[in-house]
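Take a look at the structure set out below.
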Amino acid sequence: MKRAIIVGAGFGGLALAIRLQSAGVQTTIVEARDKPGGRAYYWERDGFVFDAGPTVITDPACLSELWALTGHDMADDVELEPVTPFYRLNWADGTNFDYTNDDTVLRREIERLHPGDWEGYLKFLDYSAGVFKEGYEKLGHVAFLDFASMIKAAPALAKYQAWRSVYSIVSSFVKSEKLREALSFHTLLVGGNPMTTSAIYALIHKLERDGGVWFAKGGTNRLVAGMVRHFERIGGELRLNDPVARIETLGDRATGVTTKSGWHADCDAVAANADIVHTYRELLGQSRSSQRTAAKLERKRYSPSLFVVHFGIKGTWPGIPHHMILFGPRYKGLLEDIYDHGVLAEDFSLYLHHPTVTDPSMAPEGMSTFYVLAPVPHMGKFPVDWAEVGPILEKRILDEVGRRLIPDIHERIVTKFHYAPSDFKTDLAAHLGSAFSLEPVLTQSAYFRVHNRDDAVPNLYFVGAGTHPGAGIPGVVGSAKATAKLMLEAGGRG
Ligand SMILES: Cc1cc2nc3c(=O)[nH]c(=O)nc-3n(C[C@H](O)[C@H](O)[C@H](O)COP(=O)(O)OP(=O)(O)OC[C@H]3O[C@@H](n4cnc5c(N)ncnc54)[C@H](O)[C@@H]3O)c2cc1C
């Protein structure tokens, strides 16, 4: 294999591109938008820097590996800083819980919630370490192309009762309802409902505990910029602002891509990092089998969307940590409203991002950058006009942050805007405006997710949140490792 083209410069596309280019394959990424990063896009407004998406960087080793492939050092391009506490969880009754991997602090925090739960937590930690080993270290970067690979994983799935949900497993170990929420909410970070997502995803706890939670100085956009710099340094090419209109095929081979601007390039292999339904429906739309695959994919369950309010305010807030979860009065009921009923509830649980407490340079002096997000049903479940609903929801969410943390929030705002499900659809071609692609339930995981290599066109590959292992930066970077291995082996470079 001499030449590869990747459609999309999300984390998955970038990681795959670096792997291919490092192995000597001339690689071009073609990206629709004016900046790389995909969900990790960013804006600069009135002196504030707003990251659009991922803010919690875990498993930095999966990223530094991308530099190490060619003997480079990630630290030359990206400055990562540890974040402590990992998160502050806050409930409407005023209870706070600082979540960290410092056992002295964690034990104190757990015993404050429920004196008897430390022992149960340690048992949960054992469980989490087991699934981390099986599900992440062994299988997190391996392609599941056939059912036999699923059968091989079956004993581990049975041992860890993968059919149970994360919340159910956590509840078998600890008694405090608040602690159950604290140890199960993580699936939301990859689009999963803690009540229905396979217990295998409890591995995220061990992942964070061992690898820590990090922040890229200047924001996640700096991590993206660092990846691009490294990719270009080793000879890769990034083409921005030019959406791919068609992946060209001849018989059972992908032969190249053509963009909306009319640019065309031939290649030996194509990898799609774009949304899976968009790829099969629009980019491969000329083939009947792709249309059938698109229709099959459209019948699957998709993760919810997110409603994100970005705001820059006067003042600094040393008392508000970098990451906060503001739980609402309901947990299970709210999740059902979002995932099953397609209801925009009166209450909400929020994630608050406060990067300037770690890096003040992301706002003008004496000011602060925030974003606050609420999971909301995707557009298939809740088909509203977001141009109408958006401003109302934005105000309600800011009011809630005001009630709980910043009383005069509205007077302090210098700049604000929101990002709605319809924006995910328009900007990223995201099916139903989903923020995380396919919902990570057991029946849509591993072999049951989109394969890293197409079943019918052997030089057409997939990478990113819709493929195994799934959403989140470590997930899509793991999918890039799996896809790169397939591509390089097929090209005689593995
Ligand atoms: C608000 C938010 C917060 C999040 N927080 C975290 C977090 O804290 N930690 C974490 O680990 N994960 C987080 N995630 C999840 C994580 O960001 C995503 O799972 C991950 O970034 C998705 O990467 P991807 O490789 O699938 O590509 P995407 O980011 O989906 O990028 C795909 C790219 O393909 C491009 N594209 C689409 N169609 C075409 C076309 N026709 N031609 C050319 N290009 C095209 C798009 O423009 C886009 O750039 C968050 C997600 C969101 C939305």
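Counting convention: from 1, in listed order, for ligands and their atoms alike.
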(request) Run the contact test for D275 against ligand 1 with a 4.0 Å cut-off on heavy atoms, strictly below, and give the result. (result) no
(message) Judged on heavy-atom distance to atom 43 (C) of ligand 1, which of A32, P36, A245, A435 sits nearest?
(response) A32
(message) Please determine whether any non-hydrogen atom of P243 lies less than 4.0 Å from an atom of ligand 1.
(response) yes
(request) Using a 4.0 Å heavy-atom threshold (strictly under), name the region of Y41 that reaches ligand 1: side chain, backbone, both or neither. (result) neither
(request) Mind jotting down which residue pairs meet the salt bridge (charged side-chain N to carboxylate O under 4.0 Å, His left out) criterion with at least one end in residues 267-280? Sequence neighbours excluded, please. (result) none
(request) Would you please determine whether S479 falls within less than 4.0 Å of ligand 1 on a heavy-atom basis? (result) no
(message) Salt bridge or not between K133 and E137? Use side-chain N to carboxylate O under 4.0 Å.
(response) no
(request) Mind checking whether V30 contacts ligand 1 via backbone (N, CA, C, O), side chain (CB onward), both or neither, at a 4.0 Å heavy-atom cut-off? (result) backbone
(request) Any pair with a residue in residues 416-439 that passes salt bridge (charged side-chain N to carboxylate O under 4.0 Å, His left out), sequence neighbours left out, goes on the list, sorted by first then second residue, please. (result) R33-D427, R301-E439, E394-K416
(message) For atom 41 (N) of ligand 1, which of the options R246, E282, R239, H278 provides the nearest non-hydrogen atom?
(response) H278
(message) One residue to check: I473. Relative to ligand 1, which of side chain, backbone, both or neither has a non-hydrogen atom less than 4.0 Å away?
(response) both
(message) For the CZ atom on R246, are there more than 12 heavy atoms of other groups (residues, nucleotides or ligands in this structure) within a distance under 6.0 Å?
(response) no
(request) Check if P474 has a non-hydrogen atom at a distance under 4.0 Å from any atom of ligand 1. (result) yes
(message) With a cutoff of 4.0 Å, is Y371 in contact with ligand 1, counting heavy atoms of the residue only?
(response) yes
(message) For L306, which part has a heavy atom under 4.0 Å from ligand 1: side chain, backbone, both, or neither?
(response) side chain
(request) Would you mind telling me which of Q21, R239, R3 makes a side-chain hydrogen bond (donor to acceptor under 3.5 Å, both in side chains) with T28? (result) R3
(request) Taking the six-membered ring for Trp and the single ring otherwise, decide whether the centroids of W43 and F48 are under 6.0 Å apart. (result) no
